[in-house]
Visitor: 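Following this message is one structure expressed as structure tokens.
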Amino acid sequence: MEEAQKEKEAFEAKKKETEQKMKELQTKLTEMSDEEKAEEVKRELDRIEAEKKALQEKEQELRKKERQTPWNVDTISKPGFAKTVINTKPTRPKEEELTEEEREQRMKDFVKQNEKLLKKFGMLRKYDDSKKFLAENQALVCENTANYLVIWCINLEMEEKKELMAHVAHQCICMQYILELSKQLDVDPRACERIRKRAAEKLAAAAAEAEEEERLARLGPGGLDPEEVINSLPEELQKCFESRDVKMLQETIAKMDPEEAKYHMKRCVDSGLWVPEANKEASEDEGVEISQDTSTDDVD
């Protein structure tokens with residue numbers, strides 16, 4: 001392989017030299033007025049042209065030879081860099097032995113320096129946004145960040161800001177996953193993309209599991225999801241259930257096709273949106289009768 005490469009390089013050098021000579025002779029010939037000297041230049045030019053033709057034939061041979069050369073490690077591999085670099089995973093920094101007072105003071109200093117960034121990270125939701133943010137602020141990938149987010153979650157729960165607490169808790173869990181996986185893999189959490197991906201996968205799986213549990217918990221007696229059912233109702237019926245207006249519901253059903261009304265009200269019963277027995281008294285108090293089956297006679 002090395003011998004063929006040297007042959008090719010020598011050929012390219014010769015070809016370049018020949019083309020350069022030909023250009024020089026052609027230029028010289030156009031500027032020459034002496035006929036005798038011009039004839040001499042022409043003869044030299046003819047020789048160079050013959051040489052160029054021979055080189056073209058040689059080029060064809062080299063290409064044919066290259067095509068016929070079998071592929072193996074020697075022929076398809078090319079030398080890389082002269083030096084070899086061995087990648088080593090960045091090891092986790094050793095935990096310092098600090099007293100409780102020293103840890104507390106270090107935490108206070110950390111929060112004082114990074115509180116704005118900590119709050120910003122706590123409000124992120126998308127994986128890509130969190131990944132980019134932590135890549136730009138690698139000092140936040142540590143136990144102090146996880147501890148800060150836990151304390152923040154506790155304070156939000158005490159203030160009964162449940163939605164915001166759940167939002168921050170998501171980021172807290174993400175950080176805890178990164179730190180826990182860095183221990184398992186024995187790598188620096190700030191430099192491990194694998195940790196971030198694994199954390200994202202676990203979070204996605206946990207979120208999907210929690211969502212499924214929540215969906216199963218809200219299924220009605222007929223096994224239907226009330227959220228899915230109410231979103232599938234005609235707009236007029238949706239307004240009735242959202243406003244919990246019995247009279248409006250009765251009037252809306254009265255205007256509908258009986259079969260369509262029966263279909264929708266049965267799904268409302270199966271999802272728990274409508275409980276016939278519990279709403280029987282309310283319907284009678286309104287003094288309006290809905291002429292469907294027994295499951296649609298009562299309106300909440």
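All of these numbers come straight from a predicted model, not from anything done at the bench.
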Visitor: What pair of heavy atoms forms the shortest contact from Gln176 to Ala146, and how long is it?
Guide: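 That would be CG-CB, 4.1 Å.
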Visitor: Could you report the tightest heavy-atom contact between Phe110 and Ala139, atom names first, then the distance?
Guide: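 Heavy atoms of Phe110 and Ala139 come nearest at CE1-O, 3.8 Å.
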Visitor: Partners of Lys132 by side chain to side chain contact (heavy atoms under 4.5 Å, CB included), sequence neighbours excluded?
Guide: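 Once residues adjacent in sequence are excluded, the partners of Lys132 under the side chain to side chain contact (heavy atoms under 4.5 Å, CB included) criterion are Glu136.
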Visitor: Check Gln171 against Gly122 and note the closest heavy-atom contact, atom names and distance.
Guide: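 So the two residues come closest at CG-O, 3.5 Å.
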Visitor: For the atom pair CE (Met248) and CD1 (Ile253), what is the distance rounded to the nearest 0.5 Å?
Guide: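 Spacing of CE (Met248) from CD1 (Ile253) equals 12.5 Å.
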Visitor: Should the pair Arg106-Glu102 be classified as a salt bridge under the 4.0 Å nitrogen-to-oxygen rule?
Guide: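 Salt bridge between Arg106 and Glu102, a charged N being under 4.0 Å from a carboxylate O: no.
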Visitor: Indicate yes or no for a side-chain donor-acceptor contact from Thr145 to the backbone of Val141 under 3.5 Å, with no hydrogens or angles considered.
Guide: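 Checked: no pair found.
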Visitor: Could you give the distance from OG1 (Thr18) to CD (Glu49), rounded to the nearest 0.5 Å?
Guide: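 Separation between the atoms: 11.5 Å.
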Visitor: What residues form a side chain to side chain contact (heavy atoms under 4.5 Å, CB included) with Leu117, not counting sequence neighbours?
Guide: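 Here the qualifying residues are Asn114, Phe133, Asn137, Leu140.
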Visitor: Any chain of hydrophobic side-chain contacts (each under 4.5 Å) joining Ile230 to Met256?
Guide: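 Looking at the clustering, Met256 is in the same group as Ile230.
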Visitor: Identify the heavy atoms of Ser232 and His264 that sit nearest to each other, and give their distance.
Guide: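 For Ser232 versus His264, the nearest heavy atoms are O-CE1, 4.3 Å.
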Visitor: To the nearest 0.5 Å, what is the distance between SG on Cys240 and CD on Glu251?
Guide: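 The SG atom of Cys240 sits 8.5 Å away from the CD atom of Glu251.
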Visitor: Any salt bridge (charged side-chain N to carboxylate O under 4.0 Å, His left out) pairs touching residues 158-181, not counting sequence neighbours?
Guide: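 Matches after skipping sequence neighbours: Glu157-Lys162, Glu159-Lys161.
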Visitor: Hey, quick one: are Phe241 and Val269 part of the same hydrophobic cluster, counting side-chain heavy atoms closer than 4.5 Å, chains of contacts allowed?
Guide: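 Looking at the clustering, Val269 is in the same group as Phe241.
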Visitor: Could you pull out all residues at least two apart from Asp270 that satisfy side-chain hydrogen bond (donor to acceptor under 3.5 Å, both in side chains)?
Guide: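 Result, side-chain hydrogen bond (donor to acceptor under 3.5 Å, both in side chains) vs Asp270: Lys266.
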Visitor: Restricting to side chain to side chain contact (heavy atoms under 4.5 Å, CB included), what partner residues turn up for Ser271, sequence neighbours left out?
Guide: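 Ser271: side chain to side chain contact (heavy atoms under 4.5 Å, CB included) contacts with Leu224, Pro226, Val229, Leu273.
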Visitor: Hey, what do you get for CG (Asp129) to CG (Leu124), rounding to the nearest 0.5 Å?
Guide: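 Reported value, rounded in 0.5 Å steps: 6.0 Å.
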Visitor: State the CD-CG distance between Gln238 and Asn231, to the nearest 0.5 angstrom.
Guide: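 These two atoms lie 6.0 Å from each other.
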Visitor: Following the transitive rule for hydrophobic clusters with a side-chain heavy-atom cut-off under 4.5 Å over Ile, Leu, Val, Met, Phe, Trp and Tyr, establish whether Met107 and Val150 coincide in one cluster.
Guide: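 Not linked; separate clusters.
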Visitor: Can you get from Met123 to Leu149 by hopping between Ile, Leu, Val, Met, Phe, Trp and Tyr side chains that sit under 4.5 Å apart?
Guide: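 Met123 clusters together with Leu149.
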Visitor: Among pairs that include at least one residue of residues 226-240, which meet salt bridge (charged side-chain N to carboxylate O under 4.0 Å, His left out), considering only residues two or more places apart or in two chains?
Guide: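 Passing the test, one end in residues 226-240: Arg218-Glu227, Glu235-Lys239.
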Visitor: Measure the NZ-CD distance between Lys108 and Gln105 for me, rounded to the nearest 0.5 Å.
Guide: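 Going from the NZ atom of Lys108 to the CD atom of Gln105 covers 6.0 Å.
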Visitor: Give a yes or no on whether Lys52 atom NZ has more than 12 heavy-atom contacts from other residues, nucleotides or ligands under 6.0 Å away.
Guide: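 Not more than 12 within 6.0 Å, no.
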Visitor: Does CD belonging to Glu242 count more than 12 external heavy atoms closer than 6.0 Å?
Guide: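 Yes - once you tally the heavy atoms of other residues, nucleotides and ligands closer than 6.0 Å, there are more than 12.
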Visitor: For atom CD of Glu212, is the number of surrounding heavy atoms from other residues, nucleotides or ligands below 6.0 Å larger than 12?
Guide: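 More than 12 within 6.0 Å, yes.
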Visitor: For a quick test of reading the model, state the closest non-hydrogen atom pair linking Trp152 to Leu118 and the distance between them.
Guide: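 Shortest heavy-atom contact: CZ3-O, 4.2 Å.
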Visitor: Tell me whether Glu51 is salt-bridged to Arg47, with the criterion being a basic N under 4.0 Å from an acidic carboxylate O.
Guide: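 Between Arg47 and Glu51 there is a salt bridge, with a charged N closer than 4.0 Å to a carboxylate O.
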